[in-house]
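The structure under discussion appears below in the form of structure tokens.
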Amino acid sequence: MAARRWLTPRKQAGTERSVLAGEAAAQAAEAALATKTRPEEPAPEPEAEEQAEPEFPDPDQPRAAAFFDLDNTVMQGAAIFHFGRGLYKRKFFDTRDLLRFAWQQTYFRMAGNEDPEHMQDVRESALSIIKGHRVEELMSIGEEIYDEYMAGKIWPGTRALAQAHLDAGQRVWLVTAAPVETATIIARRLGLTGALGTVAESRDGVYTGHLVGEPLHGPAKAEAVRALAAAEDLDLSQCAAYSDSANDIPILSLVGHPYAINPDSRLRKHARAEGWRLRDYRTGRKAARIGIPAAAGMGAAAGGTVAAIALSRRRHR
């Protein structure tokens, strides 16, 4: 039964496909970044004679960056589901497919975590829908879909955390299993540096219905961050990562400043055992405060305004 498959826990492991997916995501992110004009790094301010405690994020660490998971960390729910709602409205698929998306989203919200194979089922559903469509076609409707279904789903507290890194002159990246197209435009609209996401294959500007490697999930995320850090000359010991899911322990363990945001039970337990920082925005309650920037406690006025889909192309012969 389909329902039984969704309720069955599954294991994950790093594979060659994880490495391929990570490298593809890093290459796509680098390509998108190359089209942007990178702002000059601010000159460091003179040191005060006395400093009470180290500032975080530290503006004097030019090789530092921050990596944010998207689903349930930056945005409530799954970005791919919200995108699917917009495609349904535009008659890309029928009611039966919409009900399947709704069940997948319900599982995601109730379970509170991301089983890698369950999430892959979601990606495969989306791939079957976009197969044969042109990249430009989805680019033209992406802005509208985000305005309609995603803009109001940004967690203000997480947005404030990202802004704190930006204000410190650091680069900020989304790292997500969502399509790189979706993640890239969300990052751009929120003023972030860029995004790492699942790369869908296209030939001559048309989606083939296949992925490059596998969904950017779990170990693949860690591979993507390693590849990006090497390309961007980042010092991972100075970097921060933020996620809600125990599936992201590989990427959280890579950096010197791991944060558990809206954590599932497994991540909360792991974070407490490791002394990682915790923050929960779902009910307004505060998790253990261990060095959380003040901006996060105060929240943000409105979160991220509008965002949409800007599709990066990945072509294979």
Side-chain angles (χ1 to χ4, degrees), residues 4-15 17-19 21-22 25 66-81 104-123 153 155 157-158 161-162 173-178 183 195-198 213-226 236 239-283 285-292 296:
R4 187 170 298 171
R5 289 180 60 217
W6 280 82
L7 296 174
T8 302
R10 296 160 182 169
K11 296 181 179 179
Q12 61 174 319
T15 64
R17 290 174 63 82
S18 297
V19 175
F67 302 97
F68 284 80
D69 172 53
L70 178 58
D71 295 347
N72 273 349
T73 302
V74 172
M75 176 183 290
Q76 300 174 45
I80 191 67
F81 171 75
Q104 291 165 342
Q105 173 74 351
T106 299
Y107 172 87
F108 181 72
R109 296 294 292 271
M110 291 179 64
N113 60 18
E114 305 170 11
D115 181 275
E117 292 191 35
H118 294 167
M119 295 304 291
Q120 184 169 349
D121 288 343
V122 178
R123 313 302 166 203
K153 299 295 184 181
W155 289 109
T158 310
L161 286 168
W173 300 82
L174 292 180
V175 187
T176 174
L196 299 162
T198 297
E214 62 183 24
L216 198 70
H217 193 278
K221 281 188 178 182
E223 296 293 344
V225 168
R226 285 192 186 97
L236 289 174
C239 292
Y242 301 79
S243 179
D244 70 296
S245 173
N247 293 309
D248 283 338
I249 287 174
I251 185 176
L252 292 169
S253 299
L254 276 181
V255 301
H257 302 281
Y259 285 73
I261 304 295
N262 304 329
D264 62 34
S265 59
R266 286 176 55 216
L267 180 56
R268 184 182 294 274
K269 180 178 180 181
H270 186 90
R272 284 175 170 164
E274 295 293 328
W276 292 354
R277 298 160 177 84
L278 294 143
R279 174 67 68 180
D280 200 320
Y281 300 116
R282 289 169 294 193
T283 63
R285 67 182 183 275
K286 295 180 180 179
R289 292 184 71 178
I290 310 175
I292 293 291

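- No side-chain donor-acceptor contact under 3.5 Å links Thr73 to the backbone of Ile261.
- Summarising the geometry of His270 relative to Ile249, their closest heavy-atom pair is CG-CD1, 3.7 Å, with the distance given to 0.1 Å.
- No side-chain heavy atom of Val74 sits less than 4.5 Å from a side-chain heavy atom of Asp69.
- A distance of 8.5 Å separates CZ in Arg226 from CG in Leu236, rounded to the nearest 0.5 Å.
- Atoms CD and CG, on Glu223 and Leu254 in that order, are 8.5 Å from each other to the nearest 0.5 Å.
- Inter-residue side-chain proximity for Val225 and Leu196 is flagged as met; some heavy-atom pair is nearer than 4.5 Å.
- Thr176 OG1 to Met75 CE: the interatomic distance, rounded to the nearest 0.5 Å, is 9.0 Å.
- Considering every non-hydrogen atom in both Pro215 and Ala220, the closest pair reads O-CB, 3.8 Å.
- By the 4.5 Å heavy-atom criterion applied to side chains, Asp244 and Pro263 are not counted as neighbours.
- Considering Phe68, Trp276, Trp173 in turn, Phe68 is the only one that fulfils the ring-ring contact (aromatic ring centres under 6.0 Å, His included) rule with Tyr242.
- Of the inter-residue distances, the one linking Leu174 atom CG with Leu216 atom CG reads 11.5 Å to the nearest 0.5 angstrom.
- Taking a cutoff of 4.0 Å between a charged side-chain nitrogen and a carboxylate oxygen, Arg266 and Asp264 do not qualify as a salt bridge.
- The minimum heavy-atom distance between Leu278 and Ala271, with the atom names listed, is CD2-CB, 3.7 Å.
- Residues Leu161 and Tyr281 have side chains in contact (heavy-atom distance under 4.5 Å, counting atoms from C-beta outward).
- You'll find the side chain of Leu267 reaches within 4.5 Å of the side chain of Leu252, heavy atoms only.
- Side chains of Arg282 and Asn72 form no contact here, defined as non-hydrogen atoms less than 4.5 Å apart.
- Inter-residue side-chain proximity for Trp155 and Gln76 is flagged as met; some heavy-atom pair is nearer than 4.5 Å.
- In this structure, CG in Asp71 is found 12.0 Å from CG in Asn262, a value given to the nearest 0.5 Å.
- If you take NE2 on His257 and CZ on Arg277, they are separated by 6.0 Å, rounding to the nearest 0.5 Å.
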